[in-house]
**Student:** 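Structure in structure tokens, see below.
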There are 2 protein chains.
Amino acid sequence: MTDDAVETRRTAPATLHDVAREAGVSLATASRSLNGSTRKVNEEYRQRVLAAAAKLNYSPNLSAQAVARGSTTTVALLVADIADPYFSQMAAGVVREADRERLIVTMAATERDTERELDLVRTLRGQRPRVMILAASRREGDPNNDALEAELRAFESNGGRVAFVSSAAGEFHAVQLDNRAGAEALARELIGLGYRRFAAVTGAEGIRTADERLAGFRAGLEAGGGTLERIVRPAFTRDGGYEGMTQLIEEGLDGIELVFAGNDVMAVGAMSAIRDAGLTPGTDVAVAGFDDIPTVRDVTPPLTTVRIPLEEVGRRALRLALDEPDAVDESPVHTEVVLRESTPRRG
Amino acid sequence: MTDDAVETRRTAPATLHDVAREAGVSLATASRSLNGSTRKVNEEYRQRVLAAAAKLNYSPNLSAQAVARGSTTTVALLVADIADPYFSQMAAGVVREADRERLIVTMAATERDTERELDLVRTLRGQRPRVMILAASRREGDPNNDALEAELRAFESNGGRVAFVSSAAGEFHAVQLDNRAGAEALARELIGLGYRRFAAVTGAEGIRTADERLAGFRAGLEAGGGTLERIVRPAFTRDGGYEGMTQLIEEGLDGIELVFAGNDVMAVGAMSAIRDAGLTPGTDVAVAGFDDIPTVRDVTPPLTTVRIPLEEVGRRALRLALDEPDAVDESPVHTEVVLRESTPRRG
DNA sequence: ACTCACCGGGAAAGCGCTATCTCACTACGG
DNA sequence: CCGTAGTGAGATAGCGCTTTCCCGGTGAGT
């Protein structure tokens, strides 16, 4: 033996054929006993097959089943960034729901690049997943949008189901996050707390989520008599938040009472920037975010934000795709303003 | 039309056969042109095939390829909890590296249940993935360990590759996280800062990661003359950290200067508990964690911890499984103590 | 007693691919 | 001018399954 003596000899996995032979039945009977079928199978035969399968440690080849059945048990999930709590929470919801349905989730990250996203959709289509869930945020007017939409249409016409999270791109099913209303409600509440002069730190123009939240916030301010004095648009990430806030401080906060960040990770970054500039978030300048990711309870002061039940969003996205069109719950996800100490009552 | 008029008629996806017919070549030639092969194909034919494929929006059926080739392009990843930053960071690394290798990642969550983990491995085996990466933490003496190991052995003997993260279970390849040395180094540094009286808040006994970190920490303290006065073992999660810390405070901190949390999410929870008890973390009681997840920079005070390059760990786990056994980098991952303000120098 | 559904096992035809094998055709050395 | 060694396209045999389809055997109905 020149090989590693410990290494077990490589053997091919047991096939259904092996199981059938071991049990002394036909391939058909083995298939019927193991992987459900409308047809009944003699209990004794069935037991023999089950025993043989256990003995051979048989595990059905999902690819082969997919080919034979013409359908898979796969869900494809596209997110912008797996490490971002916004997406990972949502992914957790998708995975959990998929698990309940005995579906397998394949996951890919667009890294916020629409080119990549398009590529991924094309690749993933090869899997013939039952469902594709697109959670990476849409970009208004992106040159790849049409191609993406075409690709998804093709996928649908082949019997696949598509679900978006956030605002629908075109006519696809989507779990509606009411970014606009949430931000508007937040603005009203903040006005109620006595704030009047605001700045916003949010993602680049064109990122739909960022735009909607900003628009909603603005609308809320206008209704309540607040003013949005400054807007900076760094990356839609924690570091973006830090950077944007730093810029705001360097240019002079003069009179700005509260900074609205486009999402919680940005808000958290902004709070660090505030602190690093020698100021105290909440006291010297208030901060509010959006999403209610878990960590915002643990920063100091705890962050005021708009709660999105992210896990539920993930679960609903899958349900949306799986359920019969008429059984689908298309109502927008409930969002809720959560006031915490990062926005103390003024005066 | 009683159906939704907008809905495109459902058509089966184009098959290679369709492409071949469209291009006026044989199936074999179409296959060779589209999906690489050692054999050359007349350039004119090749172009015809490519054009036909584009026209029909052909996308090769990966399941069929898998069946025909006898191998897939799939990587299966098992984590305890997708929403936990420790795992999601790692997952991001795996996905990124997989993408480089043009592999597809399927992801599942054990929810810290070894029974579930075993089930998932069994199910995932049906996919015939090239690689299985197990990142959910091991439990010493768990009744399911043997079955899991057997399952993985079987998988390996069928040509699959297995990679663990954290300490190897049995004889499998593993990305070694040096929890023990990291915790020991942390303890020494803390002693160096003037701390002497410690408590630990960590996961249940048997969770290998928790045990190793605790053992390392203890060793470091002993070497340096510190004492570990109390140990509580709640869940290995943020809420566990909160709960454990609360318990510690309720029972009376008397003299404990620093609390070592088994991981960063616990540490973050613990800090919130401290604050909720009316104390100030860092000032009234210092806190240290382990992992260096991104958020610990943004809590107040920033958390002292032991840095693990989680993304790199994910990437390396995949490489470990993919590379030739002799080309594999089995050196333990570099960990590094990061001192921040949650553990100010004493006196 | 005889037809006639039904029941349930087995043979075999696919599913969409890949890879081996066959074979016509070209080019070239002797 | 023949034999021979490439070349490269096409036919086809699988890959591991599911699902017809076929068929002998049973029990019920008349």
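Treat the numbers as computed from the prediction; the structure is a model and nothing was measured. Letters go in sequence order (proteins before strands), and every chain restarts at 1.
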**Student:** Which residues satisfy the salt bridge (Lys or Arg N to Asp or Glu O under 4.0 Å) test with A:Asp142, sequence neighbours excluded?
**Tutor:**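 For A:Asp142, no residue satisfies salt bridge (Lys or Arg N to Asp or Glu O under 4.0 Å) once neighbours in sequence are set aside.
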**Student:** Could you tell me which residues satisfy salt bridge (Lys or Arg N to Asp or Glu O under 4.0 Å) with B:Asp18, sequence neighbours excluded, listed by chain and number?
**Tutor:**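 Testing B:Asp18 for salt bridge (Lys or Arg N to Asp or Glu O under 4.0 Å), a comparison that skips the adjacent residues, returns B:Arg21.
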**Student:** To the nearest 10°, let me know how far the axis at one end of the helix from C:dA1-D:dT30 to C:dG30-D:dC1 is tilted from the axis at the other, five pairs an end.
**Tutor:**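 Result, rounded to 10 degrees: 50°.
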**Student:** Which nucleotides of nucleotides 8-18 of chain C have their base under 4.0 Å from a protein heavy atom (B), which only their sugar-phosphate (S), and which neither (-), written as one string 5' to 3'?
**Tutor:** BBBB--BBBBS
**Student:** The criterion is side chain to side chain contact (heavy atoms under 4.5 Å, CB included); which residues satisfy it with B:Glu101, sequence neighbours excluded?
**Tutor:**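 Only B:Glu97, B:Leu103, B:Arg319, B:Leu322 meet the side chain to side chain contact (heavy atoms under 4.5 Å, CB included) criterion with B:Glu101.
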**Student:** For B:Val121, give me all partners under side chain to side chain contact (heavy atoms under 4.5 Å, CB included), at least two apart in sequence or on another chain.
**Tutor:**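 So B:Val121 forms a side chain to side chain contact (heavy atoms under 4.5 Å, CB included) with B:Leu78, B:Met132, B:Leu134, B:Leu148, B:Glu151, B:Leu152.
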**Student:** Holding to salt bridge (Lys or Arg N to Asp or Glu O under 4.0 Å), I want the full list of residues that pass it with B:Arg139, two or more places apart in sequence or in another chain.
**Tutor:**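 Counting only residues at least two positions away or on another chain, B:Arg139 forms no salt bridge (Lys or Arg N to Asp or Glu O under 4.0 Å).
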**Student:** Using the test side chain to side chain contact (heavy atoms under 4.5 Å, CB included), find all partners of A:Ala150 that sit at least two apart in sequence or belong to another chain.
**Tutor:**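 Side chain to side chain contact (heavy atoms under 4.5 Å, CB included) list for A:Ala150, sorted by chain: empty.
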**Student:** Tell me yes or no: between the side chains of B:Gln127 and B:Thr72, is some donor less than 3.5 Å from an acceptor?
**Tutor:**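 No, B:Thr72 and B:Gln127 have no side-chain donor paired with an acceptor closer than 3.5 Å.
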**Student:** Got a sec, which residues hit side chain to side chain contact (heavy atoms under 4.5 Å, CB included) with B:Thr29, two or more places apart in sequence or on another chain?
**Tutor:**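 Listed in chain order: B:Val25, B:Ser26, B:Arg32, B:Ser33, B:Val41, B:Tyr45.
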**Student:** With sequence neighbours excluded, tell me which residues meet salt bridge (Lys or Arg N to Asp or Glu O under 4.0 Å) with B:Glu22.
**Tutor:**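 B:Lys55.
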**Student:** Going by side chain to side chain donor-acceptor pair (under 3.5 Å), name the residues that satisfy it together with B:Glu117, two or more places apart in sequence or in a different chain.
**Tutor:**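 Residues passing side chain to side chain donor-acceptor pair (under 3.5 Å) with B:Glu117: B:Arg138.
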**Student:** Could you tell me from which nucleotide to which nucleotide of DNA chain D, 5' to 3', there is an atom under 4.0 Å from chain A heavy atoms?
**Tutor:**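 From 5' to 3', the first and last contacting nucleotides are D:dG16 to D:dC21.
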